[in-house]
Amino acid sequence: MKDKHRVEAFVSAQPETGQPARDSYDFAAMEAKWPSVWEDLRVFEPADDGSRERRYVLDMFPYPSGDLHMGHAEAFAMGDVVARYLRQRGFDVLHPIGWDSFGLPAENAAIKRDAHPAEWTYANIDTQAASFRRYAISVDWSRRLHTSDPEYYRWTQWLFLKFYERSLAYRRKSPVNWCPYDQTVLANEQVVNGMCERCGTAVTKKNLNQWYFKITEYADRLLEDMDQLEGHWPDRVLAMQRNWIGRSEGAHARFAIEADAGLPGREVEVFTTRPDTLYGATFFVVAADSDLAVELVAAEQAAQLDDYREQVKSLSEIERQSTERPKTGVFLGRYAVNPLNGEKLPVWAADYVLAEYGTGAIMAVPAHDQRDLDFARAFDLPVRAVLDTGEADPAESGVATTGEGTLVNSGFLDGMDKTAAIGAATAKLEDAGAGEKTVNFRLRDWLLSRQRFWGTPIPIIHCPDCGEVAVPEDQLPVTLPEGMRGEALAPQGTSPLAAAEDWVRVSCPDCGGEAQRDTDTMDTFVDSSWYFLRFASPHFADGPFDVDAVNQWMPVAQYVGGVEHAILHLLYSRFFTKVLQDMGLVQFNEPFSALLNQGQVINGGKAMSKSLGNGVDLGEQLDAYGVDAVRLTMIFASPPEDDVDWADVSPSASARFLARAWRLGQDVTSAVDVDRASGDTELRATVHRTVNEAAELINSHKFNVVVARAMELVNATRKAIDSGPGPADPAVREAAEAVAVLLSLFAPYTAEDLWAKLGREASVVTAGWPRVDEQLLVRETITAVVQVQGKVRDRLQVPADIGEAELQALALESEAVSRSLDGRQIRKVIIRAPKLVNIVPA
RNA sequence: GCCCCAGUAGCCCAACGGCAGAGGCGGCGGACUUAAAAUCCGUUCAGUGUGGGUUCGAUUCCCACCUGGGGCACCA
């Protein structure tokens with residue numbers, strides 16, 4: 001760290017410095033003194049009695065992966081600004097904390113140490129909780145929760161069963177993403193560039209029987225309701241969700257597959273966004289890995305298809321997704337009939353068509369789709385352009401044309417433009433009963449089962465006679481089996497729970513016969529999809545939450561967290577909320593009204609990492625500079641959503657500022673009850689302007705600018721004491737108290753200590769936002785700018801209420817103006833009294 | 001390839017369409033000191049990525065491009 005030596009000097013100088021009569025700024029003493037006071041006063045607990053308007057501020061709850069790090073420090077500092085501000089504004093603020101305490105790392109640690117995941121998990125939670133207390137986040141500790149507590153996950157299970165009742169949870173066998181390292185399945189959202197999001201291993205496909213949530217049923221609402229979030233959520237998060245949901249409008253078209261060599265005729269539907277190009281279809285492709293391919297293939301080509309499918313299966317996800325790879329495929333020996341023109345198209349199987357998207361089959365229009373064109377050129381299939389875009393013929397150029405143009409070679413569509421042709425072709429399909437307008441989504445159902453131990457057991461019993469049976473509500477929670485630890489949890493491709501034979505064996509709730517528990521556990525994103533609801537009534541025993549409490553607090557007024565959850569957690573939580581709304585349990589359709597993505601804390605332009613050796617230890621920073629200085633550094637460095645580069649900031653400077661602010665407290669000599677209104681007008685105006693502006697800045701999340709304003713206020717107050725109206729002026733007290741309240745949002749210890757130094761009683765947390773006197777915001781004189789053709793030529797001190805004519809007259813008298821006009825005629829004068837005059841010469 | 005965001009001083013960053021600079025870092029100078037640290041005071045530095053457009057006036061609005069960051073991507 002570049003200013004390390006300065007810091008040491010600063011810190012070690014603490015005990016001896018200062019003039020004899022003055023205390024020195026001692027952050028360690030403050031950190032020792034105030035937490036118990038706050039606890040006794042219970043200032044961070046909401047009254048929850050309806051006496052004041054409620055506001056819910058929430059930080060994404062942490063995963064207990066060790067002690068807190070710099071990233072936590074930043075995120076929670078941001079959330080705390082909002083919570084503390086709203087409290088000062090008189091709202092009843094709910095600001096809770098809990099832990100997302102199920103998950104793989106605990107299990108891996110347990111295997112390595114021959115321990116139980118709970119031991120590691122709860123030890124880490126204790127460590128983090130202690131650090132959070134030191135860090136003085138203003139949360140209501142009485143509402144603390146952990147998703148791995150049976151009293152929490154019984155309700156996760158209850159919710160699963162409610163989804164199951166509504167057919168929103170179902171089990172199906174299908175090819176799923178499989179991580180060979182973690183030995184478990186992954187949701188689509190957890191596969192990043194063909195790799196396991198968690199460990200980076202290349203993901204493969206496995207055909208397994210797994211549980212899903214039917215999130216696709218909510219695709220439309222998840223998309224539409226984003227309108228409400230517009231302007232309150234970051235654009236990029238909304239963009240990512242839209243992208244992920246992937247709505248596309250188009251048409252279904254049904255192609256008849258001709259009967260052939262003993263195989264009956266049948267129909268196969270395709271999805272296309274370009275029904276206008278139907279006449280340009282020259283072949284037909286089905287996904288190689290789909291059942292459809294096997295069903296369609298003619299006997300003669302069956303062996304070839306088998307070989308091809310084997311070949312496709314052996315490819316990793318990364319290889320398969322590469323767009324560089326040449327097109328491959330096999331002819332299936334069958335023909336499809338174009339519903340519009342009756343043309344016979346050869347049917348192929350290829351891996352560039354995805355089984356899971358659309359219908360798993362496409363009509364190939366090589367002239368106007370690059371992928372189809374690549375395929376056509378690889379297998380020498382015909383290319384027929386049906387939209388004249390004025391570009392080179394795709395058959396010659398090898399470049400598919402996708403722009404606007406006029407339809408050709410297309411029968412009744414000829415001469416139409418693209419948009420008209422899309423409508424006309426779709427209408428024709430509908431008339432012919434061969435298709436219809438439709439909307440397709442990229443979003444797939446959420447695969448929620450995991451073959452791991454440390455998670456919420458799926459409350460289903462498999463009975464040989466009755467099939468899937470829900471565990472009756474009164475038997476919840478289905479707790480994890482006791483006594484499993486260490487190696488017993490090692491991944492084997494099947495769930496570790498399967499080895500707990502006594503646990504697995506149960507009697508069927510329906511028939512009483514011998515049955516088996518489902519041995520999978522839930523994705524931990526299920527746990528976190530409803531925790532924000534539990535906080536409203538964390539000890540409620542008769543359901544996942546008290547409906548009234550939830551409807552009083554929710555939706556969350558301000559959610560704070562990293563952008564890494566842009567699609568996973570946030571999409572799932574939105575989905576849960578909508579389902580709960582449909583169940584009548586909540587009265588809102590979106591859980592988080594506003595979202596703030598804090599940036600990351602990096603060091604030297606790069607993410608902190610062990611391998612780079614550029615990690616910064618939060619504990620060391622706190623020891624060296626104090627909690628407040630670290631918090632202030634995070635907030636002052638940049639706007640909340642930008643990254644903070646620890647190499648670019650100076651916590652020692654933050655500490656210096658805090659000390660300067662805190663020292664104001666010892667210079668104020670007026671009594672606590674002095675009449676502020678009798679104070680120095682100039683300083684008072686500064687105070688009121690600062691407070692007024694700070695409020696606006698916080699509303700627009702410009703916390704860094706608020707800190708700058710607080711610095712200005714401290715400077716102005718210092719000047720007033722040393723070379724202005726002096727320490728006894730009531731305005732100095734007013735200013736110092738305003739500093740304390742402003743600081744209470746960022747630097748809780750310094751603020752509280754300053755407040756006490758000023759003779760006020762704890763706590764500054766509930767001191768209330770200073771009332772702004774509008775009179776003091778009005779300036780008596782103002783600097784008017786005189787421009788000639790937009791360039792500043794003079795400045796005039798004028799009364800704030802000057803009239804336009806008067807201001808114009810003054811401006812025209814200016815020597816600088818006449819010099820700059822240089823005899824030219826005046827064409828026009830623009831006046832914005834009292835701030836500006838712009839003279840436009842002819 | 002498509003989508004989103006951002007480019008202001010040596011650095012981090014401010015600036016309702018109206019004086020480009022509020023705050024801080026760093027640098028420089030000074031006060032205090034035997035000296036240094038700490039503290040305090042003062043001071044330096046850009047015309048806003050590029051090119052157009054709208055406007056009396058553009059960092060701000062519009063268009064195109066460049067650079068950087070991020071997301072999606074064989075999604076029919």
Side-chain angles (χ1 to χ4, degrees), chain A residues 2-3 5-6 8-14 16-19 24 193 234-244 246 248 250 270-274 277 285 320-325 327 350-354 356-365 369-372 374-375 402 440-444 563 566-567 633 636-639 641-645 647-650 652-654 656-657 659-660 663 693 696 702 704-712 714-715 718-719 722-723 783-795 827-830 832 835-841:
Chain A
K2 66 174 187 253
D3 55 359
H5 60 286
R6 297 180 54 104
E8 280 160 5
F10 172 76
V11 173
S12 65
Q14 294 263 341
E16 312 91 53
T17 40
Q19 290 86 336
S24 62
N193 293 327
D235 289 341
R236 61 171 167 165
V237 173
L238 294 174
M240 283 160 76
Q241 292 217 354
R242 283 204 183 89
N243 219 330
W244 191 261
S248 59
V270 301
F271 172 72
T272 178
T273 54
R274 294 294 304 278
T277 62
V285 192
R320 205 192 61 71
Q321 286 181 10
S322 165
T323 44
E324 314 292 288
R325 202 164 54 89
K327 294 281 180 285
D351 65 354
Y352 83 93
V353 171
L354 307 176
E356 313 91 63
Y357 185 76
T359 61
I362 63 154
M363 63 175 204
V365 184
D369 182 291
Q370 192 60 45
R371 298 153 299 178
D372 295 343
D374 292 344
F375 192 84
T402 55
N440 197 48
F441 292 94
R442 207 190 75 114
L443 184 70
R444 320 252 173 87
V563 71
I567 37 184
T633 302
F636 183 51
S638 57
E641 56 278 5
D642 287 9
D643 287 351
V644 174
D645 192 333
D648 289 338
V649 298
S650 173
S652 62
S654 297
R656 237 168 15 238
F657 161 71
R660 204 158 63 234
R663 248 181 273 119
E693 197 189 350
E696 290 165 18
K702 295 177 181 173
N704 54 325
V705 187
V706 180
V707 175
R709 294 291 172 270
M711 288 173 169
E712 284 177 80
V714 169
N715 292 342
R718 180 85 259 153
K719 200 168 250 173
D722 293 346
S723 56
T783 307
V785 174
V786 185
Q787 302 176 332
V788 175
Q789 205 156 16
K791 297 268 190 290
V792 180
R793 297 302 179 194
D794 202 359
R795 295 184 174 85
R827 180 155 65 96
K828 196 173 177 185
V829 180
I830 287 117
R832 295 282 178 273
K835 281 167 68 185
L836 176 127
V837 180
N838 188 14
I839 299 164
V840 188

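Chain naming here is simple, since letters A, B, ... match the order of the sequence lines and numbering starts at 1 in each. Side chains are part of it too, since the values below use all heavy atoms of this structure and drop only hydrogens, waters and symmetry mates. Note that this is a predicted model, so its numbers are computed, not measured.
- Nucleotides B:C61 and B:G68, compared at atom C1', are 24 Å apart to the nearest Å.
- A residue-by-residue look at A:N243 and A:I362 shows that A:N243 has its nearest nucleotide of RNA chain B further toward the 5' end.
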Would you please test A:D643 and A:S638 for side-chain contact (heavy atoms from CB on, under 4.5 Å) and show each step?
-> CA-CA 8 Å; A:D643 287 351; A:S638 57; over 6 Å; no

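- The phosphate of B:G24 (OP1 or OP2) has no side-chain N or O of A:R656 nearer than 4.0 angstrom.
- At a cut-off of 3.5 angstrom, the base of B:C5 holds no donor-acceptor pair with the side chain of A:R236.
- Within the structure, a side-chain polar atom (N or O) of A:S248 is placed less than 4.0 Å from OP1 or OP2 of B:A76.
- For the P atoms, the distance linking B:A20 with B:A31 amounts to 36 Å, nearest Å.
- B:G47 and B:U60 have their C1' atoms separated by 14 Å, with the value rounded to a whole Å.
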Polar pairs (N or O, both sides) under 3.5 Å between protein and nucleotides 13-15 of chain B?
residue: B:C13; atom: O3'; partner: A:N704; partner atom: ND2; Å: 3.2
residue: B:A14; atom: OP1; partner: A:N704; partner atom: ND2; Å: 3.3
residue: B:A15; atom: OP1; partner: A:K702; partner atom: NZ; Å: 3.1

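- Spacing of P atoms, B:G57 relative to B:G70, comes out at 40 Å, to the nearest Å.
- B:C61: Watson-Crick or G-U partner is B:G53, with both key distances under 3.5 Å.
- Toward the 5′ end of RNA chain B lies the nearest nucleotide of A:M711, the other residue of the pair A:M711 and A:D369 mapping further downstream.
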Contacts under 3.5 Å, N or O only, protein and nucleotides 56-60 of chain B:
residue: B:C56; atom: O2; partner: A:N838; partner atom: ND2; Å: 2.1

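- The CG-P distance, from A:D648 to B:A9, rounds to 14 Å in whole Å.
- Distance noted for atom C1' between B:U55 and B:A73: 41 Å (whole Å).
- For B:A22 and B:U59, the C1' atoms lie 15 Å apart once the distance is rounded to whole Å.
- Side-chain contact between A:V563 and A:R236 is present, with heavy atoms from C-beta onward closer than 4.5 Å.
- When both pairing distances are held under 3.5 Å, B:U67 makes a Watson-Crick or G-U pair with B:A6.
- Between the side chain of A:K835 and the base of B:C19 there is no donor-acceptor pair of N/O atoms closer than 3.5 Å.
- For B:G47, the base adopts the syn conformation, since its glycosidic angle falls within 90 degrees of zero.
- Taking the C1' atoms as reference points, B:G24 lies 24 Å from B:C32, given to the whole Å.
- The gap from the P atom of B:C4 to that of B:A15 amounts to 24 Å, rounded to the nearest Å.
- Counting non-hydrogen atoms under 4.0 angstrom, A:V785 reaches a base of the nucleic acid.
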